[in-house]
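Both ligands and their constituent atoms are indexed starting at 1 by order of listing.
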Amino acid sequence: MSDLETLVRDLDRLEQIVASWDQTQQLTVQALREAVESIQKEAFRRIIAEVKQSPDGMAALREAVGDPWVYSVLQFHGLLKPPQPSVEERIEQALEAVRPRLKSHEGNVELVAFVAPDEAQIRLTGTCNGCAFSDITVKLGVEKAIIEGVDEITKVTVIEGRAPASADGVKGSPFAIPWEDAGPVTAVPAGGVIATELDKASVLLTQMGGEVKAYPNACAHLGMPLEMGEVSDGVITCSYHGFQFRLDTGECLTTPEIALPSYPVRVQAGRVQVQVTT
Ligand code: FES
């Protein structure tokens, strides 16, 4: 049996051949393809709806989607919801947005717990803990960031007490997404791309306008590696089917409905660090 990449390459070659035919022939092939795809999509939709009915169906479905063949086909038909980070992960992302301002005052914040269905419990650390202005910090900074960033949360409660000692106060949270070392910043080409393997994902790094950006090294079309794509004027063209993505935003210029999600990035002591959030 051929492997997935070989078959995708075959499809790519066939598409190029069809593209060289006259318009009537191209339209006929397109109509044929759309008819077959519509039948397949509806069949898969019905199978999924049926499988979800049984008590173990969702677990079996999740396992099946871990198979790259199943994943590619369901994604192609738009039958996969993009993976949603957990509530805790989204609270952490919201806290990450306010941490630079807290840290500029040598303070910090950590997530103590998400209490379902709608409460986030946090703790102020460093100089923010016990500060006379901590109410303002919470109301205008932390609470606002969490409630605006996480739909489920309507209430933020400050838990008093000393935080466990940690180097920067961030590691005290059990839900913190780890920063992974992605190599020296000097290895990341300005206006180009480099792929690097991290614990949970292959990551595509680039420097655009002096800022390091990180994306999954997987095309948002069918998940093929993006690293061989050609880069020109800040746009990468996937080498498989030519989908194009802006490297500064991840926006897809070919199909605006899809985009490359970006990972949080920071540079510390000349090293790039990435949070693989999905
Ligand atoms: S996998 Fe199809 S364009 Fe990238």
Side-chain angles (χ1 to χ4, degrees), residues 1-21 26-27 29-45 48 62 64-84 182 188-189 191-198 200-208 212-263 265 274 276-278:
M1 186 168 59
S2 307
D3 64 38
L4 184 56
E5 282 194 31
T6 307
L7 286 173
V8 169
R9 264 198 295 273
D10 288 349
L11 281 175
D12 195 22
R13 270 196 294 276
L14 290 169
E15 278 177 2
Q16 284 171 10
I17 292 170
V18 171
S20 69
W21 292 354
Q26 283 190 41
L27 289 173
V29 171
Q30 190 180 335
L32 177 66
R33 182 164 47 203
E34 284 174 5
V36 172
E37 286 171 1
S38 300
I39 293 168
Q40 288 177 337
K41 181 174 181 177
E42 183 57 21
F44 284 128
R45 196 191 63 71
I48 291 169
R62 263 188 229 109
V65 169
D67 180 293
W69 291 76
V70 178
Y71 177 86
S72 298
V73 171
L74 295 187
Q75 192 193 45
F76 174 78
H77 286 299
L79 293 171
L80 287 181
K81 287 191 192 141
Q84 171 86 316
V188 182
V193 294
I194 185 172
T196 184
E197 300 301 314
L198 300 187
K200 287 197 217 153
S202 177
V203 172
L204 195 74
L205 297 171
T206 182
Q207 280 201 61
M208 301 300 298
V212 179
K213 298 275 183 180
Y215 301 100
N217 181 24
C219 178
H221 176 218
L222 283 181
M224 294 300 166
L226 262 180
E227 60 191 290
M228 289 88 74
E230 196 178 303
V231 178
S232 173
D233 291 334
V235 172
I236 187 165
T237 303
C238 178
S239 55
Y240 289 87
H241 313 101
F243 275 44
Q244 293 190 307
F245 302 89
R246 284 181 57 158
L247 284 170
D248 57 346
T249 61
E251 180 193 351
C252 181
L253 301 177
T254 313
T255 305
E257 294 76 32
I258 60 174
L260 288 176
S262 63
Y263 293 135
V265 181
V274 177
V276 178
T277 47
T278 53

S.K.: Give the atoms of ligand 1, by number and element, whose distance to some non-hydrogen atom of Phe243 is under 4.0 Å.
M.R.: 3 (S)
S.K.: How large, to 10°, is the angle at atom 4 (Fe) of ligand 1 when you draw lines to SG on Cys219 and to SG on Cys238?
M.R.: 110°
S.K.: Would Gln244 and Thr254 count as having a side-chain donor-acceptor pair, cut-off 3.5 Å?
M.R.: no
S.K.: Please find the N/O/S atom of His241 nearest to atom 2 (Fe) of ligand 1 and write down its name.
M.R.: ND1
S.K.: Measuring from atom OH of Tyr240 to atom SG of Cys219, what distance do you get when rounded to the nearest 0.5 angstrom?
M.R.: 10.0 Å
S.K.: Which N, O or S atom name in His221 marks its closest approach to atom 2 (Fe) of ligand 1?
M.R.: ND1
S.K.: Is a donor from one side chain sitting under 3.5 angstrom from an acceptor on the other, for Gln30 and Glu34?
M.R.: yes
S.K.: Regarding Asp12 and Arg9, does a basic nitrogen lie under 4.0 Å from an acidic carboxylate oxygen?
M.R.: no
